[in-house]
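Worksheet: the structure to be examined is printed underneath.
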Amino acid sequence: MKTPLVLEIKCNSLDDGPGIRSVVFFKGCPLSCIWCHNPESKRVPTEISFDEQSCIGCGTCTKFCTQGALNIQNRYYIDREKCNLCFKCVEHCPAKAITRVGVEMTHEEILKKVLADKPFYDISGGGVTLSGGEATLCTEWVGRLAQMLHENGVKVLVETCGFFNYELAAEHLLPYVDGIFCDIKIYDREKHKKYCGVYNDRILENFRRMYDDREKYGYSIMPRVPLIPDITDTDENLTAIAEYMQLVGVEKTDLLPYNPTWYSKNDKLGVQLSGELEKLTGWQSKEKTEHARQIFLSRNIKC
Ligand code: SF4
Ligand code: SF4
């Protein structure tokens, strides 16, 4: 059984489903959306991150690096070609400016951490959200976690990009899930490939199957559309998605207004972004969001 790395477990979240929730973020995603809000979650292996804003310039880290990988002249501070991921610098950084991205955790360790907040889930109608990266990347392992949560009386919600093996999910994950948030980003398959790295046939098919199977497995499902300037928020794309949703029978969707704060996160990972992405550094206007909403409302899809 493939085991995912855990990026973070965020407690007391009010943004990732109903009520008070703990969110388990897994590392690794089969898509590579150019605007990804969690770039640290894109790649599967462990990484190292440097946050310039937190660094106090004490130089402690350099005393522990045997690879000569740390250099203030380097725009990203860490030379990832030289770094062997020993994480000695992480252990000794007093400001937590250098951090390890992705850790192994057992089912039991995750369960112990999230069950501590069960009284809050119960009182608020909340639970645990499995997110990413892509929560279904290691379907069997994550399904086992969902089953354990389910057996402990915790409501489980999965956030997914929809790109997974449906048969595997139907066997190992869907029976233990109470809610699904599934992104529908771009309808045109060539544009989906261009901006998200894969064709969207499997995503559209999986969403339709999840929607049809919602009563069989007893979960609710919400499609979500991220509004990315001039990429997903065009009239052409939103109209095509709304028409697809109508065909599937969707009555309600969530629109996710664009948030540009992901942009600077790439620096921490030593990832240089291309000039094409410069246009994605601004906030989205309320008018644009409202215009997008009207496209769905006019097709009787609430949002
Ligand atoms: S992880 Fe190890 S090799 Fe990499 S920068 Fe830190 S101390 Fe150097
Ligand atoms: S130990 Fe941490 S705070 Fe000190 S220089 Fe290194 S990264 Fe910056």
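Counting convention: from 1, in listed order, for ligands and their atoms alike.
- Counting the atoms of ligand 1 from 1 in the order shown, those under 4.0 Å from a heavy atom of L70 are 5 (S).
- A cation-pi contact links R214 to Y211, judged by a cut-off of 6.0 Å to the six-membered ring centre and 45° from its axis.
- Looking only at protein heavy atoms, the nearest one to atom 3 (S) of ligand 1 is N84 OD1, 3.2 Å.
- In the vicinity of C65, heavy-atom distances shorter than 4.0 Å reach the ligand 1 atoms 3 (S), 5 (S), 7 (S), 8 (Fe).
- In the hydrophobic cluster analysis, where Ile, Leu, Val, Met, Phe, Trp and Tyr join through side-chain heavy atoms closer than 4.5 angstrom, W141 is grouped together with V114.
- Note on R100 versus E47: no salt bridge recorded, every NZ/NE/NH1/NH2 to OD/OE distance being 4.0 Å or above.
- Distance alone, capped at 3.5 Å, places no donor-acceptor pair between the K155 side chain and the G125 backbone.
- Around atom 4 (Fe) of ligand 2, protein N, O or S atoms at less than 2.8 Å comprise C58 SG.
- In terms of protein heavy atoms, atom 2 (Fe) of ligand 1 is closest to C86 SG, 2.3 Å.
- For K193 and Y199, the positive end sits near the middle of the six-membered ring, less than 6.0 Å away and at most 45° from its axis.
- At a threshold of 2.8 Å, atom 6 (Fe) of ligand 1 has a backbone or side-chain N, O or S atom of C89 nearer than that distance.
- Between the N152 side chain and the L115 main chain, no donor and acceptor come within less than 3.5 Å of each other.
- Shortest non-hydrogen contact noted between I231 and I34 is CD1-CD1, 3.8 Å.
- Looking at atom 4 (Fe) of ligand 1, its nearest protein heavy atom turns out to be C83 SG, 2.4 Å.
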Task: Intermediate values then yes/no, salt bridge (charged side-chain N to carboxylate O under 4.0 Å, His left out), D15 and R21 - done: CA-CA 8 Å; D15 301 325; R21 312 193 70 83; over 6 Å; no

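- No single ILVMFWY cluster, assembled from side-chain heavy atoms under 4.5 Å apart, contains both I203 and Y166.
- Within ligand 1, counting atoms from 1 as listed, the ones closer than 4.0 Å to a heavy atom of F87 are 1 (S), 2 (Fe).
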